[in-house]
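Report on the following structure.
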Amino acid sequence: MQLIEQKREFQSALIQWYLREKRDLPWRRTTNPYYIWVSEVMLQQTRVDTVIPYYERFIKKFPTLAHLAEADEADVLKMWEGLGYYSRVRNLQAGVKEVVTQYNSQIPKTRKEISQLKGVGPYTAGAVLSIAYGIPEHAVDGNVMRVMSRLLLIDEDIAIPRNKKIFEEVVMHLIDKEDPSSFNQAVMELGATICTPNPKCLLCPVREFCGAFHEGRQQELPIKSKKVKMKTIPVLMVVIRNLDGKWLLRQRPATGLLANMWEFPLVENYPSQAIEQLMQQQYKMQVEQPTPLLHFKHIFSHLTWDITSHLVVTDDVAPEGFQFFSTEEVEALPKAVPVIKIWQAVNEKEKNS
DNA sequence: CAAGCGTGGTC
DNA sequence: TGACCAAGCTT
């Protein structure tokens, strides 16, 4: 195969292009393995432009492994608010604590050891090892599979997990042992800017090595099977204010959807009946004066919430698992986007009365 | 392994 | 407007 035979020329063309054209990103100004780790976790399934401000704030607030290890989980979650996939940061802090306590605050330099840290999978392990330490390890993400499937005309379905090892083996063969950091980042940069789903082949620095370009098959690669369409769940959210002007919230479980985030009382798949009766049944609470707030859809990765929200008043006590919070306290709690939207609607209504 | 897990951008 | 996407990991 042409690319394999001209490996040196390919590596050189790719890395020269990367060093010339790479975007100036905050995490490319350091090789601090902790900062690389933070950036890689944030970048999982998340766009660069979204990550940048979160990254800047996060490392300012938690500048070292020790700072993050010792931080309160609620403060850590607050820094992640709005970024999504909230278990990432819970796992990150757990992994950082492992490094501090078990590795004398030195992030391990072997795939075997680093992969055992919470939240560090095959990609993140290879990314930290190669970018922070210059170790020639594969870091195969969606970009890499797309780029390699085109370069080498690999037509295995990239949606099937067991096929990823094909790409990991390809990368281990092609990777530049002298500069694995630039090589891995170059492949990803190429996938993010040139070898996109709709590729810009005329701008590609390695098109002469590309099997798909030669055969005009760049639009049909990679092969990726479709996923199932998601369900829509009707959700009723009730914002409950007591006579002291405080708000009723609870923290979601530590695992699962919106892990550890705070929310107003909610009912999924609720029956069509009055809010007062529903709150009595579900939470044993007496509420009055229901006022409609917002009606909107919130789309998650695998399901949609069709959210109806109301504002009510109560003179009751907080039910099991709930607490009343002042307005300032509610602001400080980590909340996911649908809760934030409803909270903003409440504030609007307060302002106009 | 398949399914669960957020959010915002793009075409 | 809806499908698809974006530097994946866990169970």
Side-chain angles (χ1 to χ4, degrees), chain A residues 18 22-23 25-28 36-55 77 80-92 94-95 114-132 138-147 157-165 167-168 171 181 183-193 195-198 222 224-233 252-261 263 296-305 334-341:
Chain A
Y18 172 71
K22 66 179 179 180
R23 294 167 289 177
L25 305 175
W27 47 89
R28 287 183 175 163
I36 301 299
W37 185 5
V38 170
S39 71
E40 291 300 341
V41 172
M42 286 187 171
L43 285 163
Q44 290 168 9
Q45 299 290 285
T46 310
R47 291 177 132 65
V48 165
D49 289 344
T50 302
V51 166
I52 290 174
Y54 281 91
Y55 173 83
L77 252 191
W80 212 266
E81 183 179 271
L83 197 51
Y85 286 142
Y86 298 101
S87 289
R88 285 185 294 179
V89 72
R90 185 163 178 267
N91 290 333
L92 174 62
I114 202 172
S115 295
Q116 291 173 19
L117 300 173
K118 290 281 189 306
V120 178
Y123 166 77
T124 304
V128 173
L129 292 173
S130 62
I131 297 171
H138 61 77
V140 174
D141 69 343
N143 285 316
V144 176
M145 288 193 285
R146 183 172 58 254
V147 170
D157 186 349
I158 66 169
I160 296 176
R162 64 180 152 77
N163 286 338
K164 199 171 76 164
K165 74 175 192 309
F167 296 92
E168 291 171 342
V171 169
S181 170
F183 181 88
N184 280 343
Q185 293 189 79
V187 178
M188 290 188 281
E189 185 83 351
L190 190 71
T193 61
C195 197
T196 49
N198 289 312
K224 187 176 186 180
S225 56
K226 316 243 177 182
K227 34 183 183 179
V228 297
K229 79 172 195 314
M230 55 190 181
K231 289 190 297 191
T232 297
I233 300 176
R252 294 179 63 87
T255 58
L257 184 65
L258 305 179
N260 277 337
M261 304 300 276
E263 68 183 6
F296 62 103
K297 290 186 195 302
H298 185 80
I299 303 169
F300 296 100
S301 53
H302 61 299
L303 61 88
T304 298
W305 274 0
K335 302 174 289 294
V337 166
V339 174
I340 290 174
K341 284 184 177 173

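These numbers were taken from a predicted model, which means no experiment stands behind them. Note on naming: letters A, B, ... go to the chains in the order of the sequence lines (proteins, then strands), and numbering restarts at 1 for each one.
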Legend entry - Contacts of Arg47(A) that satisfy side-chain contact (heavy atoms from CB on, under 4.5 Å) - sequence neighbours left out: Thr50(A)

Inset, instruction - Would you mind telling me which residue lines up with the more 5' stretch of DNA chain B, Pro161(A) or Gly84(A), judged by nearest nucleotide? - result: Pro161(A)

Legend entry - Euclidean distance, atom CD1 of residue Ile158(A) to atom P of dC4(C) [Å, nearest integer]: 13 Å

Inset, instruction - Run through Val89(A), Leu83(A), Val48(A) and flag the one making a side chain to side chain contact (heavy atoms under 4.5 Å, CB included) with Met42(A). - result: Leu83(A)

Inset, instruction - Give a yes/no on whether any side-chain N or O of Tyr86(A) is located under 4.0 angstrom from OP1 or OP2 of dT7(B). - result: yes

Inset, instruction - Tell me what Val51(A) touches on the nucleic acid: a base, only sugar-phosphate, or nothing, going by heavy atoms under 4.0 Å. - result: nothing

Legend entry - Pair His298(A) and Phe300(A), ring centroids less than 6.0 Å apart: yes

Inset, instruction - Could you tell me whether Ala336(A) contacts a base, only the sugar-phosphate backbone, or nothing, with contacts defined as non-hydrogen atoms closer than 4.0 Å? - result: sugar-phosphate

Legend entry - P spacing across the pair dC9(C) / dG8(B), given as an integer number of angstrom: 22 Å

Inset, instruction - Grab the CD-C1' distance between Glu81(A) and dG8(B) for me, whole Å please. - result: 16 Å

Legend entry - Euclidean distance for P, dA6(C) against dG4(B) (whole angstrom): 22 Å

Inset, instruction - Measure the distance from NZ on Lys165(A) to P on dC1(B) and round it to the nearest whole Å. - result: 9 Å

Inset, instruction - Name all residues meeting the side-chain contact (heavy atoms from CB on, under 4.5 Å) criterion together with Pro26(A); count only those two or more places apart in sequence or in a different chain, and write none if there are none. - result: Ile52(A), Tyr55(A), Glu56(A)

Legend entry - Nucleotide dC4(C), atom C1' - distance to CZ of Arg47(A) in whole Å: 10 Å

Inset, instruction - Would you mind telling me which residue lines up with the more 5' stretch of DNA chain B, Asn198(A) or Ile160(A), judged by nearest nucleotide? - result: Ile160(A)

Legend entry - Tyr85(A) OH - dG6(B) C1' separation (whole Å): 6 Å

Inset, instruction - With heavy atoms under 4.0 Å as the rule, sort Arg90(A) into base, sugar-phosphate or nothing. - result: nothing

Inset, instruction - Look at all strands and tell whether Arg23(A) reaches a base, only sugar-phosphate, or nothing, counting heavy atoms closer than 4.0 Å. - result: base

Inset, instruction - Could you tell me whether the side chain of Leu190(A) reaches within less than 4.5 Å of the side chain of Tyr18(A), counting heavy atoms only? - result: no

Inset, instruction - Taking atom NZ of Lys118(A) as the centre, report whether more than 12 heavy atoms of other residues, nucleotides or ligands fall under 6.0 Å from it. - result: no

Legend entry - Whole-Å C1' distance, dC1(B) and dT10(C): 12 Å

Legend entry - Distance in angstrom units between Ile114(A) CD1 and dC9(C) C1', rounded: 14 Å

Inset, instruction - Using heavy atoms and a sub-4.0 Å distance, could you list which residues of residues 297-305 of chain A are near DNA chain C? By number, please. - result: none

Inset, instruction - Round to a whole Å and report the spacing from NZ of Lys164(A) to P of dC1(B). - result: 11 Å

Legend entry - Residue Val337(A), side-chain heavy atoms: nucleotide from dC9(C), dC5(C), dG8(B) that is nearest: dG8(B)

Legend entry - DNA chain C: 5'-proximal contact among Arg28(A) and Lys118(A) (nearest heavy atom): Arg28(A)

Inset, instruction - Quick one: label Leu25(A) by what it contacts on the DNA or RNA (base, sugar-phosphate, nothing), any heavy atom closer than 4.0 Å. - result: base

Inset, instruction - Look at the side-chain N and O atoms of Thr124(A) and state whether any lies under 4.0 Å from the OP1 or OP2 oxygen of dC9(C). - result: yes

Legend entry - Thr196(A) (side chain) donor-acceptor with Ala192(A) (main chain) under 3.5 angstrom: no

Legend entry - Distance below 4.0 Å between Arg88(A) side-chain N/O and dG6(B) OP1 or OP2: no

Legend entry - Atom-pair distance (CD on Gln45(A); C1' on dT10(C)), nearest Å: 13 Å

Legend entry - Side-chain donor or acceptor of Arg146(A) paired with backbone N/O of Gly191(A) under 3.5 Å: yes

